[in-house]
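See structure below.
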There are 2 protein chains.
Amino acid sequence: MTHLLVVDDEQDMVDLVTMYLENAGYTVSSALSGEEAEEKLKELKPDLILLDIMMPGRDGFAVCEAIRSYSDIPIIFLSARGEEWDKVRAFSLGGDDYIVKPFSPGEMTARIQAVLRRFGSSTDKRETIQHQTLLIDIHSRAVKVDGTAVGLTMKEFDLIVLLAKNRGRIFSREELLETVWGTEYRGGTRTVDTHIKTLRMKLKHEGASIETVWGIGYKFVDGTI
Amino acid sequence: MTHLLVVDDEQDMVDLVTMYLENAGYTVSSALSGEEAEEKLKELKPDLILLDIMMPGRDGFAVCEAIRSYSDIPIIFLSARGEEWDKVRAFSLGGDDYIVKPFSPGEMTARIQAVLRRFGSSTDKRETIQHQTLLIDIHSRAVKVDGTAVGLTMKEFDLIVLLAKNRGRIFSREELLETVWGTEYRGGTRTVDTHIKTLRMKLKHEGASIETVWGIGYKFVDGTI
DNA sequence: AATAAGTGTGAAGATTATTTGAAAAAGACG
DNA sequence: CGTCTTTTTCAAATAATCTTCACACTTATT
């Protein structure tokens with residue numbers, strides 16, 4: 001299991017990123033300052049660090065520089081759009097990539113995967129989700145029902161993965177929008193309904209596994225109850 | 001002029017090996033880490049890599065594995081006597097030979113010549129990729145569809161090899177640019193689209209194996225899920 | 001049973017990404 | 001230096017996806 005460390009001084013941002021990443025299948029720890037980050041790095045030995053640049057006290061660059069004196073762990077910088085910062089400096093200090101806020105869950109996980117792959121640390125083992133005749137390959141984003149391939153769009157795929165990974169858990173439309181669409185989405189919640197509809201249709205008989213929880217949201221059936 | 005790349009984290013060892021090899025008439029470049037090695041590989045396109053196994057961060061095995069996903073360049077491992085390492089693993093990861101430190105200049109050049117000779121006689125190691133009626137011979141850079149030769153340009157060939165070697169894996173345009181074009185490329189990502197277009201056209205019906213992953217990038221079909 | 005609130009569905013419209021053709025730019029080669 | 005090939009750029013056309021909306025339908029409440 002890949003273990004990530006999120007470093008940001010804003011608790012809200014930490015919570016958001018953590019949610020994104022946990023849904024993508026990562027184990028996530030967090031730190032609210034550079035000092036805490038270095039402690040947790042030594043203690044927990046994560047596989048990658050997501051490091052905010054703008055922090056009170058020691059900023060992300062300083063933290064990166066300190067870490068680089070004793071560790072080669074991959075570091076991805078986070079920076080708010082419009083913030084003054086130096087891309088060249090980020091890389092010259094040993095950063096491996098950078099992500100500009102606001103970012104979508106998809107972009108974030110794609111970049112993390114790319115960096116981990118570059119480092120060879122992620123054993124690119126094939127990760128799949130299976131439920132009866134439904135088979136989902138997360139990395140190649142391929143879906144099969146009864147052995148035949150089903151073409152899903154990006155949102156549809158992210159939706160079914162989120163639901164199927166958390167069987168039995170009920171998601172409100174707002175939760176689904178926040179996790180799959182991202183925080184910057186400003187539209188109606190009925191959009192979710194439409195995507196659920198097409199998903200059910202495309203997944204044929206397996207579509208019945210997506211259940212409506214009246215008045216609350218949707219869930220993927222949990223076979224254990 | 002044969003061009004070698006020496007990868008070792010110890011500057012002294014790099015200097016020593018470089019001296020040996022330059023005296024033997026080779027052009028020598030060096031890298032002090034796996035990341036640097038991959039950058040220089042793309043940039044300088046050496047003929048052979050001498051790769052130290054014991055390095056902090058990514059060790060030689062990890063670097064070799066990463067390189068093998070897109071390149072067939074001969075790799076000779078370097079290892080210190082008494083170091084714990086697995087000869088079988090070295091070869092299974094795609095290594096071509098190994099040399100135990102300390103070594104004499106004579107031993108080193110002899111082994112390099114042996115490996116280069118083995119690779120030079122293209123019939124010796126014929127590596128091919130096959131998918132239905134598509135046949136790719138990596139060393140002669142020849143491509144056939146339905147038994148008839150297809151003329152690909154350099155970029156087109158590198159692209160199809162990268163994609164076909166990693167079936168099912170989704171590559172973003174940025175990743176493709178970085179791996180095929182190299183890190184110093186500074187142009188638009190639409191260039192990739194154009195090359196994909198001509199590839200699909202030239203590969204005729206096999207062109208359908210290159211699938212668009214909408215909103216993310218491209219992948220070569222993987223029937224195996 | 002009547003009512004209110006929530007959900008399903010099909011179609012249309014808006015949005016975004018990709019494909020494609022053509023042409024310019026950059027290299028390769030004699 | 002001109003010619004040929006390869007690579008890159010660009011914008012219009014196409015295609016895929018996402019969103020909205022109206023209306024039918026279902027479920028819960030009184």
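Below, chain A is the first sequence line, B the second, and so on; all start at residue 1.
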Check whether any side-chain N or O of B:W181 sits under 4.0 Å from OP1 or OP2 of D:dT7, and answer yes or no. no

What heavy-atom pair brings B:D47 and B:L116 nearest, and what distance separates the two atoms? O-CD2, 4.1 Å

Taking the cut-offs as 6.0 angstrom to the six-membered ring centre and 45 degrees off its axis, would you call A:K165 and A:F220 a cation-pi pair? no

Using a 4.0 Å heavy-atom cut-off across all strands, classify B:T153 as base, sugar-phosphate, or nothing. sugar-phosphate

Can you build the contact string for nucleotides 21-30 of chain C? Use B for base contact, S for sugar-phosphate-only contact, and - for no protein heavy atom under 4.0 Å. B---------

Nearest non-hydrogen partners of A:Y20 and A:T183, listed with the distance: OH-N, 3.5 Å

Looking at B:R190, does any N or O in its side chain come under 4.0 Å of the phosphate oxygens OP1/OP2 on C:dT18? yes

Which heavy-atom pair separates B:Y218 from B:L163 by the least distance, and what is that distance? O-CD2, 4.3 Å

With a 4.0 Å cut-off on heavy atoms, is A:R200 in touch with a base, just the backbone sugar-phosphate, or nothing at all? sugar-phosphate

Taking it one step at a time, do A:T133 and A:E206 satisfy side chain to side chain donor-acceptor pair (under 3.5 Å)? CA-CA 7 Å; A:T133 72; A:E206 291 292 353; 2.7 Å; yes

Relative orientation of the end axes in the helix from C:dA1-D:dT30 to C:dG30-D:dC1, expressed as an angle to the nearest 10° (five pairs per end): 30°

Sugar-phosphate only, base, or nothing, as touched by A:F157 at under 4.0 Å among non-hydrogen atoms: nothing

State the CE-CG distance between A:M13 and A:L50, to the nearest 0.5 angstrom. 11.5 Å

Over all strands shown, is B:L177 touching base, sugar-phosphate only, or nothing at heavy-atom distances under 4.0 angstrom? nothing

If the condition is side-chain contact (heavy atoms from CB on, under 4.5 Å), which residues does B:V213 pass it with, not counting sequence neighbours? A:R141, B:I170, B:I216, B:K219

To the closest 0.5 Å, what do you measure between CG (B:D222) and CG (A:D137)? 7.5 Å

